[in-house]
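Order of the sequence lines sets the chain letters (A, B, ...), proteins ahead of strands, with each chain counted from 1. Computed from a prediction, not measured in an experiment: that's the story for all the values here.
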Amino acid sequence: MIGTNITLEVKEVAKYFGGVRALDGVSIKVPNKGIVGLIGPNGSGKTTLFNVITGFYLPTKGEVWFKGERIDGLNPNEVFLKGLVRTFQIPRLFKSLTVLENVLVTPPRQIGEKVLYSPITSKWVNQEESLVEKAVNLLHRFGLGNFIHSRISELSAAHIKMIETLRGLITNAYMYLLDEPAAGVAYNTARELFTMVKRLRDEEGLAFLIIEHRLEVLMDFVDYVYVLHNGKLLAEGTPREVMNNPKVIQAYLGG
Amino acid sequence: MIGGADIINTIYIGLVYTVMAIPLTLSYKATGIINFPHINFITYGAYTAILLHDILGVNNVFIAALAAFLVGGVISVINNLSVFQPMLRRKTNLWIIMIASMGLWIFYKYLLYSVLDVLSKIYRINFISRLIRFSTLPTFQVGGLELSSAFSTTLIMSAILLFGLYLFLERTTAGKAIGAISDNPVLAEISGIPKDKVINIMWFVVGGMTAVGGLMWVIFSIATPEIGDWLILVIFAIAVIGGLHSLTLTALGAFIIAAAENIGLLYLNQAFGVPTSYKPFISFLTLLIVIIVWPPKGAGGGLPYRFLTKRKSFRGENK
Amino acid sequence: MNPEKHNEVILELRSVKSGYGKMEVLHEISIKVFKKEIVVIVGPNGAGKTTLLNTIFGIATLHDGEVIFKDKELNKLKPYRIVSLGIGYAPQLGNIFPNLTVDDNLTMGAYIRGRDPEIESDKEEIYRLFPEIARRRNQKGKTLSGGERQMLAVARALMAKPKLLLLDEPTAGLAPKAAQALLNKVTEIRERGVTILLVEQNVRKALGVADRVYVLVSGRIIKEISKEELGVVNIEDLFFKGSNNQK
Amino acid sequence: MIGFNVLGFLISWATFLGIYSILSISLNLEVGFTGIVNFGKVAFYAIGAYIAATVSTYTILMLYNIRAAPYTTEGIIALGKYEYLNPFLDAGLFLLAIVLGFAISGIVGYLLTYPVLRVGPEFVGMTLLAFGELLRIFFQNYQPAGGSKGLMSIPHPLGWLRTPLIKDGLYTLIVLGFLVLIYLYSQKLVNSPFGRLLKAVRDDEVAALCLGKHVPRVKATILFISSGFAGIAGVLMAFYLSAINPNMFMAVVTFNIWGMVILGGMANNLGAIVGAAILTFIDRALTFVTPNLGITIITPDYIRWMSIGLLITLVLLFWPRGMVPEKPVETPPLKLIKKRGDRNEHNA
């Protein structure tokens, strides 16, 4: 059992693809209610690390612990059920469903999702009612009340990103992995997104691990930053420490 | 006993399969479309030869082959211009395009039936099931063994086609551009290759070559509008064995399947009494097994297949 | 020296907004490139540098604004038309045809020139410029090392005889020596009358060859630096704090 | 028109409509709702039909102690003699065939989940197409199932009603009854959280997986259900025609069903029925009209198939959503909230 104030711990994780060492002995800790940034140049292994944590890849070496449980080796759906929610760089919403439906798909173990019960409306209608109410409240709370019945294709990029993040809230989300939440949105929108992240941390007590390229936005919101370079941890520390670290500047700007 | 005739038969069928399967691989590589009208190229090629022979009295098999090439090529280009190109431009899913191509296959198949129906009534020949013999077929003698005229023709024609294709792909700029588009379509465009034009050329060659394959088939075998359907899963199986990627492997696959169908089945028949009518069974079984055990490049689904094999990794959703 | 007085504008982006699908990566970008200049665009990861080049070629979607090359609008043109107008592009990723030989890669670069008899002699010329790839002319692209690939990509783009060459991080992943060698070649190419728009992350190296620099951070040009100012401005600072100042 | 039997036509159309609607609904569940490109639909239809044929004929021959296989002349004569003797036996065999047809087709569909999960949508199509052909060639060569001649004299469940019109009419009602049941069940299924899950898997299976959904299980479930339905359609068809042979199960049948789904509109059960109604109407009308046409220039069947092929392509090219486009999932609470939303808009 690891320390109770740590939500996610990645221990010496390595992932090799043939001869390529995409990750090589990376260790990361995310404390409870922490907002932790993960930065690094392209191809430094950030998304690979996310894929290892969420069960898309089996790590070649190392362990992943979440809330005191070992989760490497679980399938992606099982990782989600533990309370670890992931978003994608290019948001993956269900494009033919409405916003509300996208949120409603999320809750696990719905009675109506069992094939034997689904034709019997009375079995699941109560649960569905409470879920709909929860989802509508959630969307209203974050200013998306006008879009409840819109299709995903009618939304702006920023709203799509918000919904991808928010839909995890209807369930037992405990921690988020966000992959470039600010990519492809205007500066002010990016700040709004990060303000929302902070709000979620304060109101819901969630922890965050965030990949982001837009440092000028990220650095104002995170508590702690890890820098990956060529699959290895290059530096870590508070935003100020990392920004002034000559090794980081070199990695970003080239020698 | 497995004799020389069976070996010759295997080579013979292997060559025909090669000529039909290589274009399929070529078109899949360049466009990603699984092209069902490939079936029609075979049938239309065969019937071009038959109609020329029976109606216009063309007895030279090479003139017939030229005509078949043109017919197959033109149909192929029409398909591309009218269906594939607009759908690709709209970024339609490839599997939806595949279904549209399936519609085209059915359309062309019964269009041929209708035309043959009419012609049969006019000329009072049963075109729906027809066996023809070109009178001017070359023959060879190899080491005292006389090769049948059909075999010799197949040999010459496939040599011309395969060598021609080789020259086209390796020695001409347009041919190399096809390779470039299959390799890296985006880079091909920014290098200044007019993609649409080159793809049209590719479709023309694909349609034409397959059509001549169909002609090669009817030189020794009965023609019906169904021959394409009989052959297509075999051709798919061969292309999949080639990983839908390598033309050489495709040719190898053609001979493996031809051998399995001819020599392998003969062996099974003699040893276990398996009826020879199980012939197509073998190719479908091969197709199933190859797809399941060794899926070709680009055939993978979207899930991380750790559900099925513990070590296979996910293709990565990044970029 | 103000280049505007001596030279005409060869490429201009006027308040361009672009991105992929719905995502807007570039916001209101305006840049000018003058004839026979080397313009460098620097910026941190994910700033939209590649998107900028892709926008010129119509690979990224142009949401708003204009891209003008020699008085012609490029917005609706197909990529091969853009190449034939005289723009060459060497992208960073997927920059070669792996299953074609080096020689054929160059042939593909000259596709728009059709049956031009000078292609062969131009190839020899290019091989003289890049002796590293000349040795491997009959090998397949996928056997090349990273540095050789970058050179092949530049060489391929040159085969179309472009007036303007777009280079996307040609030094990425190269050892310092190789990177310097490549940048030297870029200067050499400019000597032959080709205008160059170079996108770089490797700031210090790129500054050595640049005539003018644009700093791109988070999809906005936050600074234009002329040759005279190059030594003075601290670009690193701009990278991290850039758009805070902007808003 | 002389000799045109309107009632006979309607009964025959309604029966075909019923059977093909079941098939198109089941294909729609797979391709429209879940995104499984099934080019081997005919295989499950064939399994159902062959189960009906073998179970009923062999059982009757066994019960009446006749030592002849049902495909021999002796067997066919014996079947003709005994099939109408016991209404309860015929009805029992019918029910048994329905249950077995559903179960066995369903299980085979369930087992095919493995290849379906292994490869992407295009290759799923090819794999299942090959499977369908494989099965047909098997039946063609498998003597106990009648070989290439197939099985004849399948005992009609209502065979004791000697008047053909009443017999066929009642049977049509049975078929339509099955259609109604299956339609209602499918409607319930897709307008529930499960239906939402299906569409989520269709839109993006990786995202669904990341939301904790067991995607392979979802696909396996839907393959079981829809293959089972196709099996039922096969059973109904076998009893209706009272004779089956391998040529009825060519790959082209699958594409006919595809045509119905595409024309009617993917991911809409009503659309599947509309598509089936139109295509079976053309089919039946041609069958009834053809004998009156005398000698035609072109066999009407060819024209029909040509139009189906062209229709599939043109609909996908110009009208990809079909006649009855997809509708959002409507569970009761969602319906309610939508109504409320509309009312608010009116008030505002």
Identify the heavy atoms of Ser191(B) and Phe97(C) that sit nearest to each other, and give their distance. OG-CZ, 3.9 Å
Nearest 0.5 Å please: distance from the CG atom of Leu100(C) over to the NZ atom of Lys176(B). 8.5 Å
Check the pair Glu189(B) / Ile59(C) against side-chain contact (heavy atoms from CB on, under 4.5 Å), numbers first and verdict last. CA-CA 10 Å; Glu189(B) 283 204 83; Ile59(C) 298 168; over 6 Å; no
Should we count CZ of Arg135(C) as having more than 12 external heavy atoms under 6.0 Å? no
Non-hydrogen atoms of Met108(C) and Ile193(B) that approach each other most closely: SD-CD1, 3.5 Å
Side-chain contact test, heavy atoms from C-beta onward, threshold under 4.5 Å: evaluate it for Thr173(B) versus Arg115(C) and give yes or no. no
Chain B contact via Asn95(C) - which portion, at a heavy-atom distance below 4.5 Å: backbone
Counting distance only, does the side-chain N/O of Asp183(B) pair as donor-acceptor with the main-chain N or O of Asn99(C) below 3.5 Å? yes
Surrounding CZ of Arg81(C) (heavy atoms of other residues, nucleotides or ligands, distance under 6.0 Å), is the total greater than 12? no
Is it the case that the side chain of Asn184(B) and the backbone of Gly94(C) share a donor-acceptor pair, with hydrogens and angles ignored and the cut-off at 3.5 Å? yes
Taking all non-hydrogen atoms of both residues into account, name the closest pair between Gly192(B) and Tyr111(C) and its distance. O-CD2, 4.0 Å
Scanning both residues in full, the closest heavy-atom pair of Val83(C) with Ile190(B) reads CG2-O, 3.3 Å
Under a 4.5 Å cutoff for heavy-atom pairs, which residue among Pro98(C), Ala160(C), Gly109(C) has the most contacts with chain B? Pro98(C)
